[in-house]
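For clarity, every value in this text was computed on a predicted model and none was experimentally measured. We use all heavy atoms of the structure for the numbers below, so side chains are in, but hydrogens, waters and symmetry mates are not.
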Amino acid sequence: MAEIVGGFIMPHDPLLFVNPKKKERDHLIGAYSEIRDKVSKSGATKAIIFGADHYILFGPRCLPQFLIPTGELHGPIDRLPGVGDSPIASDPGFAEYLVGHAHQSGFDVSVARDLGVDHAIGVPAQLALPADGSVKTVPVYMASGVAPYVRLQRAYDFGRMIGDAIAKMPVDESVVLIGSGGISHWVGTGEMGRINSEFDRKVLDCIVSGDATPLLSMTDEEIMREGGNGGMEIRHFLAVMGALPAGRGEVLAYEAWDGGVTGLGFAEILPA
Amino acid sequence: MAEIVGGFIMPHDPLLFVNPKKKERDHLIGAYSEIRDKVSKSGATKAIIFGADHYILFGPRCLPQFLIPTGELHGPIDRLPGVGDSPIASDPGFAEYLVGHAHQSGFDVSVARDLGVDHAIGVPAQLALPADGSVKTVPVYMASGVAPYVRLQRAYDFGRMIGDAIAKMPVDESVVLIGSGGISHWVGTGEMGRINSEFDRKVLDCIVSGDATPLLSMTDEEIMREGGNGGMEIRHFLAVMGALPAGRGEVLAYEAWDGGVTGLGFAEILPA
Amino acid sequence: MSFGAVEQLFYDVSTKRNSRAAFREDATAFAEKYALSELERDMVLSMNAEGLFEYGINPMLLMGFWTSVNGPQSMPDYLSRVPTLTSQLETVSE
Amino acid sequence: MSFGAVEQLFYDVSTKRNSRAAFREDATAFAEKYALSELERDMVLSMNAEGLFEYGINPMLLMGFWTSVNGPQSMPDYLSRVPTLTSQLETVSE
Ligand SMILES: [Fe+3]
Ligand SMILES: [Fe+3]
């Protein structure tokens, strides 16, 4: 029987890699390595990474609410210093199983048969998973960057459905879940550069307590105002929390890093 | 209060317009005109057309289960003799209302902000609706041409949800629903040219009786075997039936037309 | 409104090398391939970040378009022009 | 398997004028832009309709690709080569 052995949240801020202001960042890059070690020790065989498209992969002709690529993977296609566009170990059969379970459970997930992933998936896949390809990745793209946004409760319920899919898998697998996203950040708006540590703490507190209610009761307007349009990515954290209900968390690193524009939080969520 | 004033099913077979064998077809083209007259007389102000993408509009990078375009419309982009690529009267506000209602009701419909439609939507829009633009169209694309296919029950439930959305609209509107699709047909397979009138009759009988059960209890393999890969388009009829539960139907025209490759059925479904 | 056509143009310029080159070479001719309203065409051709933002163009896409055309070093210029998200939220909630 | 890359190539050739012209001009060079396996590349370059159908390529897409490259008058030739859907269903259910 398959089971979830751990959950993580982490950012994918491109500026952390471009590092235009040449700021100290080893401790942040180190947080990815710390998670990679934890994933290795957990014996994980599969990873599901929840991320956003930033209007790079999907154009105005097809904007999905949820999308799972079911083919081979590589990325990030938007290459970053230290994070090249290279193959990502995939498992089309597992991806198709999740799509089938989603459809059967009333989630109308779109699919991609051929997709190079962007930094939202590529950064965690390349930095937080073992480099030997032993952990096969399934990405889940959620509409967190382009409206209409996935509803918060729906993001949480999607995670619950994924947890159910894993519990019902007839084979032995150990799965880690990754919510990929910055906390507060403004992208392409006049506020860009602002980081709201108060919002970031509120989000991290929910992850630590394992109680998603305060996040689920926010409106999108509140998130936009306090966490920016980038803050809409908390949907990815909610998906992980939905799959690990009542799982308490631990913050591994947090910084309102002045080398970039994003509240950077790394945390672990343990199964209850 | 908005209400559904009628439902129709009709084909969108390109060969009916190309007419490569120069066969008599006036009676079939006439069926579109007959429906256009019925729509005019019904006082309809809106039309929702359910159709399939044929791997023309959406590529392997994003294959949606359900997709609603919310911008301006034109088509069919795959121009056909007598059916030019011209504007289709649209109502972005109504389209967005339907998307919102779908999301709220647990249907993860994808959106397009800018889309020229293909013949699946373009043929009914240009031939079966008044030419004066008085009926505004919202297309609904369903995964009936490219796997993974929308499940039959989900197609029916989607129609029910649309019916609910219309019933809850706070404004006075009269809506017609159109299920666009051939009945039995094989496209790009060795059987191409075969028409299975028995399958066609079974489908039309369900529409006449208003009982979707025999359709809903078919497996995809049965449909493929008896109705071809094109026969998967009965999903569009199921959506109309779901929105008009127990609505009895009347066949306006049917022919296993030897000028093309498709069982061509035109029918009306009256609200119960 | 043909809002979607503007986003399609921006998407093409941001993500496709050929489109980027074509827009840089002759923006007016490039824009003609998209069904833009007159207002939209003017905003696009004049790179009117403020107007386009207020019009509702996705900010990530707008920034991507801007820096695709003007280069990454143009970011400060872009940020000095683009309104705040908060100003838009206030418009909506009024 | 890189199945999706084959469908992406077919989709591009079927729906994009430039891709169609490029494939017709030099199919080998065009195919190199897609991450195809050797088997896939051979089937694509030899226009092996039978093999591609059995491989699971969507029949509508396969037909669209074939007629984009060989013209609409090639339909009888295509149909004489392509297997029946029923033959595939039997394979699956065995
Ligand atoms: Fe992001
Ligand atoms: Fe069709």
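When heavy atoms are compared at a cutoff of 4.5 Å, Phe107(A) approaches chain B by way of both its backbone and its side chain. With a 4.5 angstrom heavy-atom cutoff, Gln153(B) does not touch chain A via any of its atoms. Looking at Val109(A), the atoms closer than 4.5 Å to chain B (heavy atoms on both sides) all sit in the backbone: N, CA, C or O.
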(request) Kindly indicate, with the supporting measurements, whether the criterion side chain to side chain contact (heavy atoms under 4.5 Å, CB included) is fulfilled by His103(B) and Arg154(A). (result) CA-CA 9 Å; His103(B) 289 173; Arg154(A) 190 71 175 166; over 6 Å; no

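Scanning residues 135-149 of chain B against chain A with a 4.5 Å non-hydrogen threshold yields Val146(B), Ala147(B), Pro148(B), sorted by number.
Interface summary for chain A: among Pro69(B), Ala112(B), Gly59(B), the most heavy-atom pairs under 4.5 angstrom belong to Ala112(B).
The pair Arg61(A)-Asp114(B) does not meet the salt-bridge criterion, since no charged nitrogen lies less than 4.0 angstrom from a carboxylate oxygen.
Nearest heavy atom pair, residue Arg151(B) against residue Gly100(A), reads NH2-O, 3.4 Å.
When each of Val111(B), Thr70(B), Leu67(B) is checked for a side-chain contact (heavy atoms from CB on, under 4.5 Å) with Leu63(A), only Val111(B) meets the rule.
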